[in-house]
Amino acid sequence: MSAPAITPVFVRLKLSLLRGGLRQSGGRKAAYIASAVSALLFAALQLIGLIALRGHAHAESVVVPAVAVLGLGWAVMPLFFPSGDETLDPTRLVMLPLRPRPLVRALLTASLVGIGPLFTLCLLIGSVVAVARGGAAFAVGVVAVVLALLVCVALARTVAAANVRLLTSRKGRDLAVLSGLVVAIGAQVVNFGAQRLGASGLGQLDPAADVLRWVPPASAIGAVHAVGEGSYGLAVAQLALTAGALAALLAVWSRHLTRLMTSPDGSTLPTAGTAVRERSSTGLARLLPSGRTGAVMERGLRYVWRDPKTKAAWVTSLAIGLIVPVFNAWQGTGSVYFACFAAGMLGIQMYNQFGQDTSAFWMVALTISSPRDAYAELRARALALLLITLPYATLVTVVTTAMLGDWRRLPEALGLSFALLGAMLATGAWTSARFPYSIPQEGYKNVAPGQTGLAWISIFGGMIAAALLCAPVIALTIWLNVSAWGDDWTWLLFPVGSAYGAALTAAGLRLAAPRTARRLPEILGAVSKG
């Protein structure tokens, strides 16, 4: 008696999971419907745009890289959204008597149910219509669409199976939080690429398309174009390459499934010599000052490295602080003053200092009994931030200046950056004590419900105050640049800006310390709400 087919069971399971998720709350149902409508609308617009490319001389140069990027998106999707699909975790099935091959077929079929596959299908159909010429090309296009879609889905499944231990760990959640960074950087890259294409035309994509037409799943679309051109041997080779990639992905996926279903989780097995391990100070800790200052600095730096929300905020600020001035300088439209963007992005990390501690702030509060203790706490937090921001702001300024070749303005750009950084440290310390708010530990929200107004006042109010505090240095910079003899004295802006920023930081910490000591109960209550 043959075993019953499990593929229909897994398809029904996937549909049941989707229905169960929508029944949890009205908000989740509304969010899902809104995202589905947005994705399908975008897919329809893309489909119309790709069809409009039909007959264009560079149609293949557009659709082939687009399909390659689509495949890349499917590859990284499990890493950045591990909780988006419960069926991505095959360890949930380890107790079931399932063989790898039927399980692979069932999971692959179930993976075709959802918004992502439908969006991919629309883009692939539009790509085929854009490059197909003749009935033979459309016939090959049907095979190409099926192969490309299966390659995308199998790629996502293989990556998920190979990294399932990572995706269910804390580091996996770190990757999910850092997905916002990928979106931010990707938006800048797309913007830069669109500007270049707008100036130079779609012909700029020809070299990339020549390479990517041999990379699955884009090779399937390349086969459709080859048939339209009469290159049947080339089309067969590209289709065979896509089919071979699909077979290889399924084999790797099956092997990983076998290992996951039959091997114990190594994370639960103690290894020799690691069951009991004494903690020792890291190399960085030995370089920090002794006493409270060093302990607070080390704690802050550990937050940056270990806490997902803090890490995401820092990495995003570091990346965008570099991308904006460098990309503008690369396009020849930038200015050396754009380097101040790095200091501004990093200075934001001083705002809501106590909120990143969440409910653990009560342990910090126990060590603060006077304005002197509060000043020591705030000073150490500022020093930990300066340990990263000062060299980074200097590096971004030097790189931007080198790309523009405007070395004469390097001293004033550095002076302005350091003055802005000092102003943001000062206002950040004050607003941390005056407008603290909680950062939820779970999910993607950075502000607890009901505290959005506090966050806006803290961040944007502090930034406006920092800009006003920098007004004297900005005015001095303008005056020296417009005066007839000022060019010989612009170098003074570096020491003036540095000293002014340091004075602002010291004054801000002194003013914030008494308020912090007085408002400890209110701060503790505000940051513990998440």
Side-chain angles (χ1 to χ4, degrees), residues 276-311 313-314 317-318 343 346-394 418 421-434 436 438-439 462 498-528:
V276 179
R277 180 182 300 174
E278 294 184 0
R279 290 184 175 270
S280 59
S281 297
T282 62
L284 177 61
R286 289 193 292 268
L287 298 177
L288 297 177
S290 59
R292 178 178 187 135
T293 300
V296 174
M297 291 179 67
E298 184 178 3
R299 183 186 66 216
L301 295 174
R302 285 184 183 273
Y303 277 156
V304 174
W305 182 250
R306 294 183 176 181
D307 180 63
K309 291 289 181 72
T310 306
K311 182 190 296 185
W314 268 97
S317 296
L318 290 169
L346 296 177
I348 294 176
Q349 304 308 316
M350 188 65 185
Y351 292 82
N352 197 35
Q353 274 292 304
F354 307 126
Q356 67 182 2
D357 296 345
T358 61
S359 58
F361 179 69
W362 71 270
M363 293 187 291
V364 177
L366 291 176
T367 67
I368 299 176
S369 59
S370 65
R372 182 176 180 180
D373 294 334
Y375 175 76
E377 176 74 21
L378 289 170
R379 182 186 61 185
R381 291 176 182 251
L383 289 174
L385 191 144
L386 286 172
L387 199 62
I388 302 174
T389 55
L390 272 180
Y392 190 78
T394 303
F418 293 162
L421 181 59
M424 298 196 74
L425 291 178
T427 56
W430 191 85
T431 57
S432 294
R434 182 63 183 84
S438 177
I439 301 176
S498 301
Y500 186 74
L504 285 178
T505 301
L509 296 176
R510 291 288 183 186
L511 290 174
R515 181 175 292 273
T516 302
R518 288 196 307 268
R519 301 189 73 249
L520 276 179
E522 292 86 348
I523 296 174
L524 181 58
V527 303
S528 300

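The line from CZ of Arg381 to CG of Asp357 is 4.5 Å long, rounded to the nearest 0.5 Å. Here the OG1-CG distance, from Thr516 to Asp373, works out to 11.5 Å after rounding to the nearest 0.5 Å. For the atom pair Thr293 OG1 and Leu383 CG, the distance stands at 7.0 Å (nearest 0.5 Å). Taking CG of Leu524 as the start and CG of Leu366 as the end, the distance is 9.0 Å to the nearest 0.5 Å. Ile368 contributes atom CD1, which lies 5.5 Å from atom CZ of Arg292 (distance to the nearest 0.5 angstrom). The CE atom of Met350 lies 10.0 Å from the CG atom of Leu421; values are rounded to the nearest 0.5 Å.
In terms of modelled atom types and a separation under 3.5 Å, the side chain of Tyr351 and the main chain of Gly462 share a donor-acceptor contact. Put simply, the side chain of Lys311 gets close to the backbone of Trp305: a donor and an acceptor are under 3.5 Å apart. Side chain of Arg519 to backbone of Ala433: a donor-acceptor contact under 3.5 angstrom is found. For Thr389 (side chain) and Leu346 (main-chain N/O), no donor-acceptor pair under 3.5 Å exists by modelled atom type.
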Does the pair Leu378 and Trp430 meet the rule for a side-chain contact (heavy atoms from CB on, under 4.5 Å), with working shown? CA-CA 10 Å; Leu378 289 170; Trp430 191 85; over 6 Å; no
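Within the 4.5 Å cutoff, the side chain of Val364 has heavy atoms near those of the Arg299 side chain. Contact check for Val527 versus Trp362: no side-chain heavy atoms found under the 4.5 Å cut-off.
For Phe354, the ring pair (Phe, Tyr, Trp, His ring centres under 6.0 Å) partners at least two apart in sequence or on another chain are Phe361.
Scanning all heavy atoms of the two residues, the minimum distance from Tyr303 to Thr310 falls at O-CB, 3.5 Å. When all heavy atoms are compared, the tightest approach of Ser438 to Ala526 is CB-O, 3.4 Å. Here the shortest heavy-atom pairing between Ala343 and Met424 reads O-SD, 4.2 Å. Here the shortest heavy-atom pairing between Leu504 and Ala426 reads O-CB, 3.1 Å.
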Could you pull out all donor-acceptor pairs under 3.5 Å where a side-chain atom in residues 505-515 meets a protein atom, sequence neighbours excluded?
unit_1, atom_1, unit_2, atom_2, d
Thr505, OG1, Gly422, O, 3.3
Thr505, OG1, Gly501, O, 2.9

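Heavy atoms of other residues, nucleotides or ligands lying less than 6.0 angstrom from CZ of Arg372 number 12 at most.
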